[in-house]
Amino acid sequence: MTDYRGPRGTYDVFPGGGEPQERPELWTFVEDRARELFGLYNYSEVSTPVFEEARLFARTAGEGSDIVVQKEMFTFLDKGEREMALRPEGTPGAVRAYIEHNLYRLAQPVKLFYIGPMFRQERQQRGRYRQHTQIGVEALGTSDPLVDVEVISLLYAIHQAVGVKDEVVYVNNLGDMETRQAYVPELRAYLERHRGELDPDSVSRMDTNPLRTFDSKHEGTQAVLVEAPKISDYLSEEASVHLKAVRGGLEALGIPYEIDDGLVRGLDYYTMTVFEAKSGALGAQDTVGAGGRYNGLISDLGGPDVGGIGFGSGVERMLLAAASQEALASLDVFFVTLAPEARIPAMKLVGALREEGISADLDYGGRGMRAQFKQADRTGASYAVILGEDELARGDCTVRDMASGEELVVPVADGAKDLIWAVSG
RNA sequence: GUGGCCGUAGCUCAGUAGGUAGAGCAUCGGAUUGUGGCUCCGAAGGGCGCGGGUUCGAGUCCCGUCGGUCACCCCA
């Protein structure tokens with residue numbers, strides 16, 4: 001037994017893995033479903049580095065000098081003494097690329113998707129990892145509420161396609177600058193009056209970002225918030241119209257959702273629409289995917305003053321929240337060789353089948369026949385092809401249908417044509 | 001970073017009042033020297049996370065430490 005272990009908060013994906021996120025066939029399944037949908041929705045892939053200058057994330061994650069600590073980023077200095085950080089989320093990199101490569105020159109909106117690892121230095125728990133994978137999209141260059149509808153429907157479609165169970169999509173509108181200017185002072189004043197009933201974290205947030213108090217899981221705080229002023233009562237005309245349009249679109253498309261006044265999201269750049277898809281199949285970390293609109297972010301980072309919206313969805317959480325489907329690795333043909341001289345001919349036939357798109361494998365253990373059949377069975381092979389001394393002498397092979405047990409002798413002296421035919425049924 | 005729980009074969013776990021480790025599954029072989037999924041037989045595999053202490057003697061008690069897990073923080 002080795003002393004080496006994967007780093008805390010990480011996991012491996014490997015054949016035979018027990019947890020959903022450890023199973024390679026489930027990853028393939030989710031990625032394939034997502035990519036199919038991205039094609040259908042006309043999103044193109046964007047791939048950016050897993051590390052960036054730390055200040056890029058600080059800029060997008062909110063104010064405060066302790067931002068690195070607060071957001072639990074993995075940071076390091078490169079040889080040029082630049083402070084770098086492993087990306088904690090996908091949006092900043094994608095937006096940076098949009099600006100850096102002037103994607104504003106393309107037809108707007110530019111619709112991007114990414115699939116890749118994100119990092120956060122925090123303690124592991126169910127559905128939370130230090131390195132996790134997000135499938136996400138960013139639709140940049142427009143503030144049209146129908147784009148919000150498309151993005152939310154895409155998130156929902158992906159979750160449906162991979163089988164996320166017991167899902168509810170929550171939607172809220174955090175308003176624009178005008179809305180915040182009207183609402184935040186009211187909320188802060190209200191919280192101030194109940195200071196004594198709040199948890200310490202919420203008290204300190206009262207000054208920096210009172211909206212975030214809604215995220216608190218503290219009972220006393222939540223009790224206070226029940227009676228708190230609601231942002232929905234303070235929405236500007238523009239925000240109100242926007243929300244109405246989003247709701248109308250979701251209803252027209254039949255996307256089930258609920259309005260949640262207390263949904264504020266952790267990232268400070270969100271404006272207007274925010275949304276979160278939760279699953280009852282998860283533990284405390286029940287958000288499978290979430291996102292929102294960020295109309296000030298692109299210009300803040302030096303780009304044009306255009307809007308954007310996106311979501312990130314955790315693949316590990318999708319897998320945990322999906323029905324644990326028994327996607328058995330299945331093989332078309334497994335070769336059983338009963339003589340050392342049969343191995344080379346078997347490999348040639350395996351190659352011929354593979355070229356035809358028929359998956360095939362053979363025993364590499366030099367084991368007995370029983371063991372080879374057992375392996376054929378375990379790999380889920382539809383057919384076992386037997387190549388022994390008799391077959392070699394005759395120039396044929398025996399094809400066994402593993403389900404029915406029926407056997408057929410097929411000539412292979414002149415190539416694999418007949419064999420291909422026999423196992424194509 | 002903080003707190004609760006946990007740490008015995010590859011996996012799931014048992015282990016009685018402390019006496020020097022056991023089961024099921026999986027693996028490999030055989031019953032069946034040309035045939036899988038069932039059954040039977042057998043083999044291999046750990047010294048109980050690590051370190052220290054108490055004791056004649058410790059998976060079994062105590063301390064520390066590391067790791068895992070769940071929750072808080074944060075967030076997918």
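As judged by a 4.0 angstrom heavy-atom cut-off over every strand, Gly368(A) is placed among residues making no nucleic acid contact.
Sorted by residue number, the members of residues 333-341 of chain A with any non-hydrogen atom under 4.0 Å from RNA chain B read Leu338(A).
Annotation: salt bridge (Lys or Arg N to Asp or Glu O under 4.0 Å) contacts involving residues 396-410 of chain A, sequence neighbours excluded, comprise Arg394(A)-Asp396(A), Arg400(A)-Glu407(A). Residue pairs meeting the salt bridge (Lys or Arg N to Asp or Glu O under 4.0 Å) criterion with at least one member in residues 112-125 of chain A, sequence neighbours excluded, are Glu122(A)-Arg128(A). Pairs passing the salt bridge (Lys or Arg N to Asp or Glu O under 4.0 Å) check and including a residue from residues 38-48 of chain A, sequence neighbours excluded, read Arg35(A)-Glu45(A).
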Return the polar atom pairs (N/O with N/O) between nucleotides 39-43 of chain B and the protein under 3.5 Å, or none.
none

Short N/O separations, protein against nucleotides 67-69 of chain B, under 3.5 angstrom:
| from | atom 1 | to | atom 2 | distance (Å) |
| --- | --- | --- | --- | --- |
| G67(B) | O2' | Arg5(A) | NH1 | 3.4 |
| G68(B) | OP2 | Arg8(A) | NE | 2.9 |
| G68(B) | OP2 | Arg8(A) | NH2 | 3.2 |
| U69(B) | OP1 | Gln124(A) | OE1 | 3.4 |
| U69(B) | OP1 | Gln124(A) | NE2 | 2.6 |
| U69(B) | OP2 | Gln124(A) | OE1 | 2.8 |

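Scored by the salt bridge (Lys or Arg N to Asp or Glu O under 4.0 Å) test, Arg343(A) finds no partners at all (sequence neighbours excluded). For Phe113(A), the ring-ring contact (aromatic ring centres under 6.0 Å, His included) partners two or more places apart in sequence, or in a different chain, are Phe38(A). For Thr287(A), the side chain to side chain donor-acceptor pair (under 3.5 Å) criterion is met by Glu276(A), not counting sequence neighbours. With sequence neighbours excluded, no residue forms a salt bridge (Lys or Arg N to Asp or Glu O under 4.0 Å) with Glu186(A). For Asp363(A), the side chain to side chain donor-acceptor pair (under 3.5 Å) partners two or more places apart in sequence, or in a different chain, are Arg367(A). With sequence neighbours excluded, no residue forms a side chain to side chain donor-acceptor pair (under 3.5 Å) with Gln372(A).
Here C72(B) presents its P atom at 12 Å from CG of Asp199(A), a figure rounded to the nearest Å.
For the P atoms, the distance linking A21(B) with U55(B) amounts to 23 Å, nearest Å.
If you check distances only, the side chain of Glu407(A) does reach the base of U35(B) with a donor-acceptor pair under 3.5 Å.
In this entry G1(B) has C72(B) as its Watson-Crick or G-U wobble partner, both defining distances falling under 3.5 Å.
Proximity of Arg367(A) to the phosphate of C28(B): a side-chain N or O atom is located under 4.0 Å from OP1 or OP2.
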